[in-house]
Amino acid sequence: MSFTLLSSPLQGFTEFRFRNAVHKYFGGIDTFYAPYIRFNNKPEISSKYQRDLQLENNIVPELIPQVMTNSADEFIIAVKYIRSLGYKELNWNLGCPYPMVTKKGMGSGLICEPSKIDEILDRVHTETDVIVSMKMRMGYLEPTEILDTFPILEKYPIKSIAIHARIGKQLYKGGVDLESFQRCLDTSKHKLYYNGDITTVAGFRKMQEQFPTIDTGC
Ligand SMILES: Cc1cc2nc3c(=O)[nH]c(=O)nc-3n(C[C@H](O)[C@H](O)[C@H](O)COP(=O)(O)O)c2cc1C
């Protein structure tokens with residue numbers, strides 16, 4: 001069975017030097033996601049993110065930038081920047097679990113606010129031509145929170161949604177919740193990718209058997 005393997009981003013680890021080295025010495029990853037761009041109350045892309053995304057620093061076949069924000073204005077600044085470099089797609093992070101992020105209503109702390117998600121996606125799709133994809137957890141407090149976002153997300157041409165099968169309050173502890181992930185598959189009309197706890201080839205194959213409709217893992 002053919003499948004697509006995506007490299008999920010890790011802020012502080014999977015920056016351009018790491019991605020280039022993985023590609024050069026190991027290969028096998030179809031698409032790399034860059035760690036999220038974050039705005040710290042300044043309406044500009046910091047030089048750290050610029051260096052990470054500049055085309056001349058990247059040798060991987062496909063790189064998709066990511067943004068973490070709960071502001072349409074910031075989202076649009078990020079779109080303009082990545083479009084100026086030639087990227088077509090921007091991945092939106094609704095997965096980050098860290099309290100300093102979620103308390104501000106960003107990352108997985110935004111999943112419980114479907115109307116805000118709607119407002120941001122509406123402006124991004126009205127004001128730009130970017131292709132939006134998403135990275136989500138299943139909620140912050142409960143794995144059912146994501147279900148209320150699906151009818152909103154269906155209004156937009158979201159390319160794909162990678163779901164990290166945990167909730168925010170777990171941080172990175174505890175196992176993945178495959179039953180709730182299956183409920184997402186049964187409910188969402190979007191193309192879903194599976195993410196979380198893929199640590200061995202055998203484990204990857206087990207996931208393939210359990211979720212045969214998914215052809216992409218990260
Ligand atoms: C230190 C650290 C930084 C991360 N940074 C990002 C990030 O920038 N963007 C993102 O979408 N996910 C980020 N993640 C989440 C991972 O991409 C991944 O979804 C998560 O680790 C689940 O996969 P695992 O169970 O294989 O670790 C980060 C995780 C860690 C531990």
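Atoms within each ligand, like the ligands themselves, are counted from 1 in listed order.
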Review point. Among side-chain atoms of Asn91 and Ser133, is any donor-acceptor pair under 3.5 angstrom?
Key: yes
Check your understanding: Applying a strict 4.0 Å limit to heavy atoms, is Gly95 in contact with ligand 1?
Key -> no
Review point. Using the benzene-type ring in the case of Trp, are the ring centres of Phe211 and Phe181 under 6.0 Å apart?
Key: yes
Point to revise | Per-atom contacts, ligand 1 versus Asn195 - under 4.0 Å to a heavy atom | key: 18 (C), 19 (O), 22 (C), 23 (O)
Practice item. Please list, chain by chain and in numerical order, all residues satisfying salt bridge (charged side-chain N to carboxylate O under 4.0 Å, His left out) with Lys189, sequence neighbours excluded. Key: Glu154
Review point. Which atoms of ligand 1 have any heavy atom of Pro35 under 4.0 Å away?
Key: 8 (O)
Check your understanding: Between the side chain of Asp52 and the main-chain N/O of Phe16, is any donor-acceptor distance below 3.5 Å?
Key -> yes
Study note, to complete from the structure: ligand 1 to Gln11, heavy atom cutoff 4.0 Å, flagged ligand atoms 3 (C), 4 (C), 5 (N), 6 (C), 8 (O)
Point to revise | atom 1 (C) of ligand 1: the protein heavy-atom neighbour that sits closest, reported with distance to 0.1 Å | key: Phe13 CE1, 3.9 Å
Check your understanding: Rounded to the nearest 0.5 Å, how far apart are OG1 of Thr149 and CG of Leu110?
Key -> 9.5 Å
Review point. Does Pro9 reach ligand 1 with a nitrogen or oxygen that is under 3.5 Å from one of the ligand's nitrogen or oxygen atoms?
Key: yes
Check your understanding: Where on Tyr172 is there a heavy atom closer than 4.0 Å to ligand 1, on the side chain, on the backbone, on both, or on neither?
Key -> side chain
Revision key, fill the gap. Note: ligand 1 atoms sitting under 4.0 Å from heavy atoms of Ser8 are 16 (C), 17 (O), 18 (C), 19 (O)
Review point. Are any of the N/O atoms in Asn93 less than 3.5 Å from those in ligand 1?
Key: yes
Review point. Should Asp122 and Lys155 count as an ion pair when the cut-off is N to O under 4.0 Å?
Key: no
Pairs under 3.5 angstrom only: tabulate donor-acceptor contacts from the side chains of residues 160-177 to other protein residues two or more places apart or in another chain.
{"from": "His164", "atom 1": "NE2", "to": "Arg166", "atom 2": "NH1", "distance (Å)": "2.9"}
{"from": "Arg166", "atom 1": "NE", "to": "Gly174", "atom 2": "O", "distance (Å)": "3.1"}
{"from": "Arg166", "atom 1": "NH2", "to": "Gly174", "atom 2": "O", "distance (Å)": "3.1"}
{"from": "Arg166", "atom 1": "NH2", "to": "Asp197", "atom 2": "OD1", "distance (Å)": "3.0"}
{"from": "Arg166", "atom 1": "NH2", "to": "Asp197", "atom 2": "OD2", "distance (Å)": "3.1"}
{"from": "Gln170", "atom 1": "OE1", "to": "Ile167", "atom 2": "N", "distance (Å)": "3.0"}
{"from": "Gln170", "atom 1": "NE2", "to": "Lys173", "atom 2": "O", "distance (Å)": "3.0"}
{"from": "Gln170", "atom 1": "NE2", "to": "Gly175", "atom 2": "O", "distance (Å)": "3.1"}
{"from": "Asp177", "atom 1": "OD1", "to": "Glu179", "atom 2": "N", "distance (Å)": "3.4"}
{"from": "Asp177", "atom 1": "OD1", "to": "Ser180", "atom 2": "N", "distance (Å)": "3.0"}
{"from": "Asp177", "atom 1": "OD1", "to": "Ser180", "atom 2": "OG", "distance (Å)": "3.2"}
{"from": "Asp177", "atom 1": "OD2", "to": "Ser180", "atom 2": "OG", "distance (Å)": "2.6"}

Practice item. Consider ligand 1: state whether an atom of it lies below 4.0 angstrom from any non-hydrogen atom of Arg166. Key: yes
Review point. Counting each atom of ligand 1 from 1 as listed, which ones have a heavy atom of Lys135 under 4.0 Å away?
Key: 10 (C), 11 (O), 12 (N), 15 (C), 16 (C), 17 (O), 18 (C), 19 (O)
Review point. Can you tell me if CZ on Arg17 sees more than 12 non-hydrogen neighbours from other groups inside 6.0 Å?
Key: no
Point to revise | Side-chain H-bond candidate by donor/acceptor type, Arg19 with Asn58, under 3.5 Å | key: yes
Practice item. Indicate, with yes or no, if the rings of Phe3 and Phe204 have centres closer together than 6.0 Å. Key: yes
Study note, to complete from the structure: shortest atom 23 (O) of ligand 1-to-protein heavy-atom contact is with Gly196 CA, 3.7 Å
Review point. His125 vs Tyr156 aromatic rings, parallel, tilted or perpendicular, using cut-offs 30° and 60°?
Key: parallel
Point to revise | Under-4.0 Å protein heavy-atom contact, atom 27 (O) of ligand 1 | key: no
Practice item. Could you tell me which atoms of ligand 1, counted from 1 in the order shown, lie closer than 4.0 angstrom to a heavy atom of Asp197? Key: 24 (P), 25 (O), 26 (O)
Exercise for review: Within a distance under 4.0 Å of any heavy atom of Tyr36, pick out the atoms of ligand 1 and give their elements.
Suggested key: 7 (C), 8 (O), 9 (N)
**Study point:** atom 30 (C) of ligand 1 [closest protein heavy-atom partner, distance rounded to 0.1 Å]
**Key:** Leu10 CD2, 3.3 Å
Revision key, fill the gap. When distances are taken from atom 9 (N) of ligand 1, the protein heavy atom at minimum range is Gln66 OE1, 2.8 Å
